[in-house]
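Right, one structure below, let's go through it.
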Amino acid sequence: MTERIVNPDYVAEPEKMNVKKGLDGAVIDTTSISKVTPDTSSLVYRGYPVQELAENCKFEEVAYLLYNGELPTKAQLAEFEKTERGYREITKANLEVIRMLPKKCHPMDSIRTGVSFLGCEDTRIWDKTSNLDKAMMMLSKIPTMVAADYRFKKGLDFIPPNPNLSFAENFFHMCFGKVPDAKVVRAFDVSLTLYAEHSFNASTFTTRVVTSTESDIYSATVAGIGALKGPLHGGANEQVMHMMIEIADPAKAEQWMKDALAQKRKVMGFGHRVYRYGDSRVPTMKKYAQVMADVTGEQKWMKMYDALEKTMVAAKKIHPNLDFPAGPAYYMMGFEIDFFTPIFVMARTTGWSAHVIEQANNNRIIRPLSEYIGAPERHVKPMSER
Ligand code: COA
């Protein structure tokens, strides 16, 4: 018989476990970074409603708020922007790593690799007291890496960051070599605020799990990028646009949706684990997607948006999530579809880092249980008897 160390209070037949598939409804820690209230479809960052932040602040202020807990004063914002702009350049070696990646690899794989390389370059990797500084470095350098990948994939030269431009303006500059109309920059900036943070979503939870082992912030961010890439999470903003292109004509949207539901297809950009009556971020993002339609003069996507939403809500009472308006908004800004989720990374790195810092400052390793449903206990037979 196998030797064992047995708890004297051991009960041979434990009661069936209460499995929370997908951690549905499980509250696993406290946080003071953000709160989602499903009944009122509300989301607050550090107490501030996200819609108010999007309409009244620029993304840099929101990043400061997430990292520091308070909105910045004028002087604090100036200092923060100086640091952010000062960190934008990446090393030649990092640029070369991005240049050498296979042209066909997904930009999410490029940015995952770029952040991993950034961790290799930082000699303070194990020092958690420098996490805020590392968070600032990622905030500043991730857009440079994403834009470099954007240019290399098109066979174009790298455009270095411009420290005289805001975070949003600089990204357009590095991708396209010019800064568009202020309305376009504003729509983009709003999307970054809306994407910045969302409590214990799958990728943020991933970063917290990695941090809970006392691993480093770069490893946590790399893991977060991996989780965000999936189409059930951040990858949905790309799938929304592929779907809209597949539908092609707003007049066909209603029937397309009915067919998709009849085939029990998951329609990207709809539904949410926590929100049941709609996603608090959607009205603001829809407003700015409409701004993009007006700027470009292309109303097709917004007409399709309305037809898809109406049909889905009538049939299943399932509402759009943020990825639904963000997809066409980014498309109308001129970005390639497979760069939509890397843009999400540029924003969400702020929320991830805030959670990494919170987890590291009050840590207990995250280690849930599972109910075993495999073979009952059996014993190893010698090879000749198997
Ligand atoms: N399209 C079609 N049906 C959907 C749906 C969608 N987008 N989202 C949910 N449903 C259906 C489910 O299939 C399920 O149906 P069933 O009871 O017949 O099995 C029912 O609605 C309830 O699903 P729910 O428990 O709310 O889903 P979840 O919490 O397991 O998953 C998502 C949440 C977000 C992963 C899911 O809604 C989804 O896959 N959405 C599309 C991807 C997406 O937009 N992701 C971005 C999220 S911000």
Side-chain angles (χ1 to χ4, degrees), residues 19-28 34-39 41-43 45 50-51 54 108 191-207 224-247 253-286 289 301 304-305 307-331 337-338 340-345 347-348 351-352:
V19 176
K20 291 181 185 289
K21 182 87 172 162
L23 290 179
D24 196 344
V27 180
I28 72 116
S34 69
K35 181 180 180 194
V36 177
T37 311
D39 285 332
S41 304
S42 89
L43 167 65
Y45 297 171
V50 70
Q51 302 90 326
M108 283 297 275
S191 79
L192 297 175
T193 291
L194 297 175
Y195 265 139
E197 161 59 13
H198 211 199
S199 74
F200 278 43
N201 58 85
S203 58
T204 301
F205 182 60
T206 303
T207 66
I225 293 170
L228 191 73
K229 183 183 168 190
L232 297 191
H233 192 9
N237 62 7
E238 297 179 18
Q239 298 310 320
V240 164
M241 205 57 227
H242 288 302
M243 171 181 84
M244 287 188 168
I245 288 170
E246 181 193 320
I247 299 169
E254 183 181 345
Q255 193 53 49
W256 185 96
M257 179 64 93
K258 285 180 175 165
D259 292 346
L261 294 178
Q263 292 158 18
K264 301 228 171 286
R265 271 175 76 173
K266 270 259 164 86
V267 184
M268 294 294 129
F270 283 90
H272 200 272
R273 168 58 62 77
V274 185
Y275 296 117
R276 292 296 165 196
Y277 311 101
D279 179 333
S280 52
R281 305 162 297 176
V282 165
T284 311
M285 195 63 239
K286 186 180 177 190
W301 309 115
M304 199 182 285
Y305 180 117
L308 290 170
E309 179 182 20
K310 205 171 146 201
T311 315
M312 176 64 118
V313 172
K316 303 263 288 180
K317 291 198 174 62
I318 298 176
H319 297 268
N321 57 56
L322 176 58
D323 294 317
F324 196 58
Y330 289 152
Y331 191 73
I337 296 174
D338 54 2
F340 294 1
T341 321
I343 292 170
F344 190 161
V345 172
R348 185 56 62 85
W352 288 337

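Counting convention: from 1, in listed order, for ligands and their atoms alike. When a residue number appears, it is its place in the shown sequence, counting from 1.
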Main-chain N/O of [Y] paired to [X] side chain as donor or acceptor, under 3.5 Å:
{"X": "H233", "Y": "A227", "answer": "no"}
{"X": "T207", "Y": "T204", "answer": "yes"}
{"X": "S34", "Y": "E197", "answer": "no"}

Results of side chain to side chain contact (heavy atoms under 4.5 Å, CB included) for K20 - residues two or more places apart only
N18, A26
Once rounded to the nearest 0.5 Å, what's the spacing between atom CE of M285 and atom CG of D323?
10.5 Å
In terms of ring plane angle, is the pair F324 and Y305 parallel, tilted or perpendicular, where the classes change at 30° and 60°?
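Rings of F324 and Y305: tilted, 30 to 60°.
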Run through ligand 1 for me and note each protein residue having a heavy atom under 4.0 Å from it, chain first, then residue number.
P231, L232, H233, A236, R265, K266, V267, M268, G269, F270, G271, H272, R273, R276, M312, I318, N321, D323
